[in-house]
Number of protein chains: 2
Amino acid sequence: MRRSSEDTKASILVAARERFAADGYDRTTIRAIAADAAIDPSMVMRYFGNKEKLFAAAADFDLQLPDLADVPRDRIGATLAAHFVERWEADEALMVLLRTAVTNEEVAGRMREIFAGQLGPLAVSLSGDPGSAARRAGLVATQMLGLALCRYVLRLPPVVEMTHQEVVAWLGPTLQRYLLGDAYGG
Amino acid sequence: MRRSSEDTKASILVAARERFAADGYDRTTIRAIAADAAIDPSMVMRYFGNKEKLFAAAADFDLQLPDLADVPRDRIGATLAAHFVERWEADEALMVLLRTAVTNEEVAGRMREIFAGQLGPLAVSLSGDPGSAARRAGLVATQMLGLALCRYVLRLPPVVEMTHQEVVAWLGPTLQRYLLGDAYGG
DNA sequence: CTCCAATGTCAACGCTTGTTGGCATCAGTG
DNA sequence: CACTGATGCCAACAAGCGTTGACATTGGAG
């Protein structure tokens, strides 16, 4: 039996995600993805059109932020920190996005949409003040993405060595303050 | 008069820094740098050997952390936050490094050295506890690099719009806690 | 002046890339 | 069986890349 079209498409996507996550958009070649998927490069083009569309398919992504309605107000920062670490380690989609957004304006725009569209509303619903919500969401993004950058991309040893619990213990209060506190440590 | 060797070298370096900062290592071409510097691509090779060496010359970098001995202990976080924003905006060297470190393991290693070698000692001298100093430095790196990523690379609008004072007001307490406080908001 | 080293230009090389079109091979249908 | 459409492979293209070596031009030293 020869593989079905869907099987091939799926195996291409798996290989593409791994390559894009490991090497970023530019350094990833269609030929390498095809080799990983054990097919001919031309099949990639047949099924996904071109490299850009393949990337778009591989980087389809949702932050999947948890529902924070039932979380005690003083545990929101910790809950968010824990969720973010787990979400990041669940699959390679965020890695794909970050590694490419840094040198690709279009993908950077997509990252802006994700954080504005998913973190923004959360900040609005949590903080009483809609005027500061966008900034609060932005601050949360700086700490979350900074952690991801240092832990998963640059691999700074002290950051890599932290356990989930330690990350939550240190970053939780920070996110808590950004979302619900004031600038001066409130 | 024809340009001196040093003038040419310098103009190549200027063009290289701009290109590397804007596009990252892979997307930057020797040809583009040469065009910016108004010379032939072969001159770049003559003066810098190859693309890697040119990058090394363009990304030569020092965090130039300030002396914190005279800073009041409760102002250290704010001072560090202010210095970092100014240092980042002073020239393009950090941008060059970050844009490339994300997809280049060798440059990532250099980034690790910079933050371990310059932020580490500072954390040691500040916190009484040498055992936690590396982790504290790592935490500071997550917040500093996260800010840089969101503000200068991804350009998240709410983060871009913050003034220097606002950045210091929000991030100062975070850095303060990472360096001198304990995990649970102390 | 002549000569020579420094500075710069030009054309080309070998390689890799994304992408394309033609051809082979198989599964299922009549 | 023949036929057809889906699936896959192969070879090649044009473009861009880093890099190289030969050649031209300048300016100062003797």
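Chain letters run A, B, ... following the sequence lines, proteins first and then strands; every chain starts at 1.
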Salt-bridge criterion met for B/R99 and B/E92 (N-O under 4.0 Å):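 Here B/R99 does not pair with B/E92 in a salt bridge, since their nearest N and O are not under 4.0 Å apart.
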
Residues A/E105 and A/R112 bridged, charged N to O under 4.0 Å: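 Salt bridge flag = yes for A/R112 with A/E105.
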
Output the rounded distance in Å from [atom1] ([X]) to [atom2] ([N]).
| X | N | atom1 | atom2 | answer |
| --- | --- | --- | --- | --- |
| B/R27 | D/dG18 | CZ | P | 14 Å |
| A/D23 | C/dT17 | CG | P | 12 Å |
| A/I30 | C/dT19 | CD1 | P | 6 Å |
| B/D26 | C/dG18 | CG | P | 12 Å |
| A/E6 | C/dA27 | CD | P | 19 Å |
| B/Y25 | D/dC17 | OH | P | 14 Å |
| A/R31 | D/dA11 | CZ | C1' | 11 Å |
| A/I33 | C/dT19 | CD1 | C1' | 14 Å |

Smallest separation among heavy atoms of A/W170 and B/R177, with atom names: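 Smallest interatomic distance, heavy atoms only, reads O-NH2, 2.7 Å.
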
Residues touching DNA chain C, which here means a heavy atom under 4.0 Å, drawn from residues 102-110 of chain A: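 Those residues whose heavy atoms fall under 4.0 Å from DNA chain C, taken from residues 102-110 of chain A, amount to none.
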
Contacting residues from residues 40-59 of chain A, given that a heavy atom lies under 4.0 angstrom of DNA chain C: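 By residue number: A/S42, A/M45, A/N50, A/K51.
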
Please output the side-chain donor-acceptor pairs of residues 73-81 of chain A that fall under 3.5 Å, not counting sequence neighbours, one pair per line with the distance.
{"residue": "A/R73", "atom": "NH2", "partner": "A/L126", "partner atom": "O", "Å": "3.1"}
{"residue": "A/T79", "atom": "OG1", "partner": "A/R75", "partner atom": "O", "Å": "2.7"}

B/D40 versus B/S42, side-chain donor and acceptor atoms under 3.5 Å: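 Indeed, the side chains of B/S42 and B/D40 share at least one donor-acceptor pair under 3.5 Å.
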
Donor-acceptor side-chain pairing of B/Y25 and B/E52 below 3.5 angstrom: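 No, no side-chain donor-acceptor contact under 3.5 Å.
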
Over-ring placement of B/K53 relative to B/Y47, 6.0 Å and 45° cut-offs: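 Checked: cation-pi criterion not met.
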
Greater than 12 external heavy atoms within 6.0 Å of B/E106's CD: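 12 or below, so no.
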
SG on A/C150 to CD on B/Q143, rounded to 0.5 Å: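 Going from CD on B/Q143 over to SG on A/C150, the span is 10.0 Å.
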
